[in-house]
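Here's the structure, in structure tokens; my notes come after.
If you're wondering where the values come from, they're calculated on a predicted model, not measured in any experiment. Just so it is clear: chains get the letters A, B, ... in the order the sequence lines come, proteins before strands, and each one is counted from 1.
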2 protein chains.
Amino acid sequence: MLSEFLLSEMSRLGSQDALPLHRQLYEALRRAMLDGKLGAGERLPSSRDLAQDLRLSRNTVVAAINQLSVEGYLGSRVGSGTYVNDSVPRTTPGRAARGGGHPSATPQAGRLSTRGKALASTFCATELEVQPFTPGIADFSAFPLTLWQRLQNKHWRMTYPDMLDYNDSGGYAPLRRAVADYLRVFRSVHLEADQVVITSGTQQSIELCARLLADHGDTVWVEDPAYWGAVKAFMATGLSLHPVAVDEQGINPSTADNAKPPRLIYVTPSHQYPTGAVMSLPRRHQLLATARAHDAWVLEDDYDSEYRFSGPPISSLEGLDTDGRVFYMGTFSKVLYPGLKIGYLVVPKPLVAAFKQAHYDLNRPGQMPVQAALAEFIEMGHFASALRRARQNYGERRQCLLEALKPVLRDDTPEGPSISGAEQGLHLCLRLPQDVDDRALAQRIAQHGLTVRPLSAYCLQRTDLRGLVIGYGYAPLADIGRCGPVLAGTVSQALSG
Amino acid sequence: MLSEFLLSEMSRLGSQDALPLHRQLYEALRRAMLDGKLGAGERLPSSRDLAQDLRLSRNTVVAAINQLSVEGYLGSRVGSGTYVNDSVPRTTPGRAARGGGHPSATPQAGRLSTRGKALASTFCATELEVQPFTPGIADFSAFPLTLWQRLQNKHWRMTYPDMLDYNDSGGYAPLRRAVADYLRVFRSVHLEADQVVITSGTQQSIELCARLLADHGDTVWVEDPAYWGAVKAFMATGLSLHPVAVDEQGINPSTADNAKPPRLIYVTPSHQYPTGAVMSLPRRHQLLATARAHDAWVLEDDYDSEYRFSGPPISSLEGLDTDGRVFYMGTFSKVLYPGLKIGYLVVPKPLVAAFKQAHYDLNRPGQMPVQAALAEFIEMGHFASALRRARQNYGERRQCLLEALKPVLRDDTPEGPSISGAEQGLHLCLRLPQDVDDRALAQRIAQHGLTVRPLSAYCLQRTDLRGLVIGYGYAPLADIGRCGPVLAGTVSQALSG
């Protein structure tokens, strides 16, 4: 079946484009995957079998397979052959990393509810592949898999039946203690271990807060520009969004419409997503005072605080809070790996019992052996060393990207181009003059196989921001060295053209 | 610190109650755990150290620890000592299994939103321990841990970085295929693997449907009596609940208020929760016709279809559906273990892309290595054999419980007591005459250390149902043999008294 499809495709391609044989096979295999004839996770016939079936030389087959592997379509598993990767870019909507552009309609969603249509809409339909400079994701290929496997094993060996059940106590106790110790020391969060609720990540943390602290139709202030993941979570929980402009000091409550008093205020104070602005100390006090005045809750998403490269350390907003209205949330996905699905939420003491109860009833949390392995990973210092390695690694990438972008920067005009948000995290923001079409520019850059995102795509209401959000978490150093100048060149060309 | 607390508690207890020493120590340790002085997951000092510190004989210490282990307060891990179990009954709200009673206020929830208060309210505050006859849970202690660990290991060894990332394709492809094959053969579900979306369980499956298919305020028809987990999910997603009475043929659409047309209809047709009614074929056709007339979606929760003990096999409702309006959902928690957190949702074809996209955006699914291990677990036939073993095992428990309840049954009156729903699943329902106070009866039974639930506690609107929902999934055969007659005796006493 597969052979027949490949042969017919190859003959079509061969006659049309006069492509060399290995390129024809490459295209035919790629089409088979995109059309779903070769499904994600499916095993490819061996190169020997393929060569025989298609009457090609083995070298031709190997060349095509290698090319597809390099491009991420195929993956191999030791002793078990070649497989279609689960991340294979399909013609259906694909991976959306943290961030993304504006909604566009999804086909055949006609029978969805109104909110269903909004929730199922693709924010960035063009983004089907993870490429160098994609913001919002980290390079988890450096994660110490063998060690992790050993720890998991150990905890599976020690597992007693309780660990296989749902958990109603807010997570595995030693993990909650380890998180509390870490946050107390490194993030100046005031807490006891009992206040930590282990969630399946930031999306779940946000939803839990939105559901328990706000009613349908209540107003949530969000940053403008904003992290789309949070925006979706608030949409899903029926809140009314009031975008509040971000400046170089972070969200500016003075510009908010007080006719829309908030029940919740969602902020990313230590590294605003996506501009990278660090919320200044006066602004922090102003924000807390505003929250107090409105009797609102503050949700502090500290999504990438682990990666601070320069400038003074920034403590948490929670640490400044004196009346218990800040919910602090973080995740392990940026230091370990996203699929781990473990995040944490620090709940003010009087609400701990209610949050644990509702978390249990709504989410039935489980996965205790993994939580146990993670607790030991932290306790034994592996988290600290993984973080150290990652920080060094990302620091070099960051430096390399900053170097590459230097020729583009203009310090002599107030409009830039300039860089913001490079002190921390895994992305930076290249701010551009207002007359630049940043969406068109991002598309031009995409033609070079590079993914950056237009800053304007993160804006909810405002129209004055232009720029590029550029990630360096996923791009290996060599790629940045190679692609950085291409990126800079394309930007320069656009600015001068 | 701990020694001091224990000593002072023991001296207090010794003087008050003249308890023997091992009993004093038992009480002191128990109090230390309930008060949080010994936290969940914390390691107990060795019996040798405790004996030395407290100046007790080692036998006394061991006796106290053994008693606490038997009662589930403590667990031991090979080579690593004795730990406070994570499920230790605390003074804070505890585990609520499938089902539960009516909401009661949670303390200190004053600052929650209105929906937050409802969502955080405890449905069954008395239920702090899992005991024999607790409905809604299964005995996962028989799960083949070593095999599972080996499979997980294998897949961790083979893991490529993609497997560590979030997944946007609805789950690990081979697992989706394995689920599709299983459902096609055993549940007569019409589907292709592409329609399977792997979720973190039924709660997530329900929420995804509620969010994508209905808008805030839309009506969902639910069974009365109902599964409270589903009720909470619909409350959380802002739907308006219309309870529709269940009779011996399942939900009866004729009794529904047509002034409240449904956007969704949620049903458990193969074993109604909690009455155990099997939806008859005419009723199934009637339900589908009703759904068609209202252009509503049907959510079919097939939560325990794996365990069918007698009577003809019941196919899925989805299999009868000719116009693609049934969403079929199931879970692995009843056959494997709850903390696995893997369930599945079968989505009608035209909506597959939208569901995958929204699932990705809202839930960022991950845990791919576990999904890979599960796929192989199924493919290699281990699921089938685990199921076979479990079915045999539960079948014996069921038979033993039925025997024990025989003396209570009255076939000569239409009012019963009679048994419903014993053909399938892990619980049955002992129906009682309308004048019995089933809540009081359940409490009297609890005094014997047995958990059953009053049927009236599952009722949303109706007031005519009395009975006991009795689980046999969690109670070992010996416990049923021992406690069954106690249960039956207490019921008989109440009926004659």
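- With values rounded to the nearest 0.5 angstrom, Lys117(A) atom NZ is found 11.5 Å from Leu212(B) atom CG.
- Closest heavy-atom contact between Tyr166(B) and Pro338(A): CE2-O, 3.3 Å.
- Atom CD of Gln367(B) and atom CD of Gln367(A) lie 4.0 Å apart (nearest 0.5 Å).
- When each of Thr146(A), Leu340(A), Asn153(A) is scored by its heavy-atom pairs under 4.5 Å with chain B, the top score falls to Asn153(A).
- If you measure heavy-atom distances from Gln204(A) to chain B, you find no contacts under 4.5 Å at all.
- The aromatic rings of His216(A) and His216(B) sit parallel, their planes meeting at an angle under 30°, below the 60° perpendicular limit.
- With chain B as partner, the option from Gly201(A), Ala233(A), Gly366(A), Ala193(A) having the largest number of non-hydrogen pairs under 4.5 angstrom is Gly366(A).
- Take Phe355(B) and apply the ring pair (Phe, Tyr, Trp, His ring centres under 6.0 Å) test, not counting sequence neighbours, and it matches Phe327(B).
- The contact between Asp295(A) and chain B is made entirely by side chain atoms (from C-beta outward), counting heavy-atom distances below 4.5 Å.
- No side-chain N or O of Gln203(A) forms a donor-acceptor pair with one of Asn363(B) less than 3.5 Å apart.
- Applying the side-chain hydrogen bond (donor to acceptor under 3.5 Å, both in side chains) rule to Asp215(B) yields the partners Thr114(A); only residues at least two apart in sequence or on another chain are considered.
- Both the backbone and the side chain of Glu42(A) come within contact range of chain B, judged by heavy atoms closer than 4.5 Å.
- For the atom pair CG (Asp165(B)) and OG (Ser333(A)), the distance works out to 9.5 Å, reported to the nearest 0.5 Å.
- With values rounded to the nearest 0.5 angstrom, Arg115(A) atom CZ is found 5.5 Å from Thr237(B) atom OG1.
- For the pair Glu207(B) and Leu362(A), the minimum side-chain heavy-atom distance is below 4.5 Å.
- Proximity to chain B is limited to the side chain of Leu145(A), based on heavy atoms less than 4.5 angstrom apart.
- Considering only heavy atoms from C-beta on, Leu119(B) stays 4.5 Å or farther from His359(A) through its side chain.
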Show the numbers, then the answer: is there a side chain to side chain contact (heavy atoms under 4.5 Å, CB included) between Arg325(A) and Arg111(B)?
CA-CA 10 Å; Arg325(A) 61 176 70 251; Arg111(B) 298 176 73 200; 4.1 Å; yes
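- Note that CZ of Arg150(A) and CH2 of Trp156(B) are 14.5 Å apart. Values are rounded to the nearest 0.5 Å.
- Most heavy-atom pairs under 4.5 Å with chain B, from the set Lys341(A), Arg263(A), Arg211(A), Arg177(A): that is Arg211(A).
- Looking at Pro365(B), the atoms closer than 4.5 Å to chain A (heavy atoms on both sides) all sit in the backbone: N, CA, C or O.
- For the atom pair Met368(A) CE and Tyr337(B) OH, the distance stands at 12.0 Å (nearest 0.5 Å).
- When Ala358(A), Ser200(A), Ala214(A) are compared by the number of non-hydrogen pairs under 4.5 Å with chain B, Ala214(A) comes out ahead.
- Counting non-hydrogen atoms of other residues, nucleotides and ligands closer than 6.0 Å to CD of Glu192(B) gives a total of 12 or fewer.
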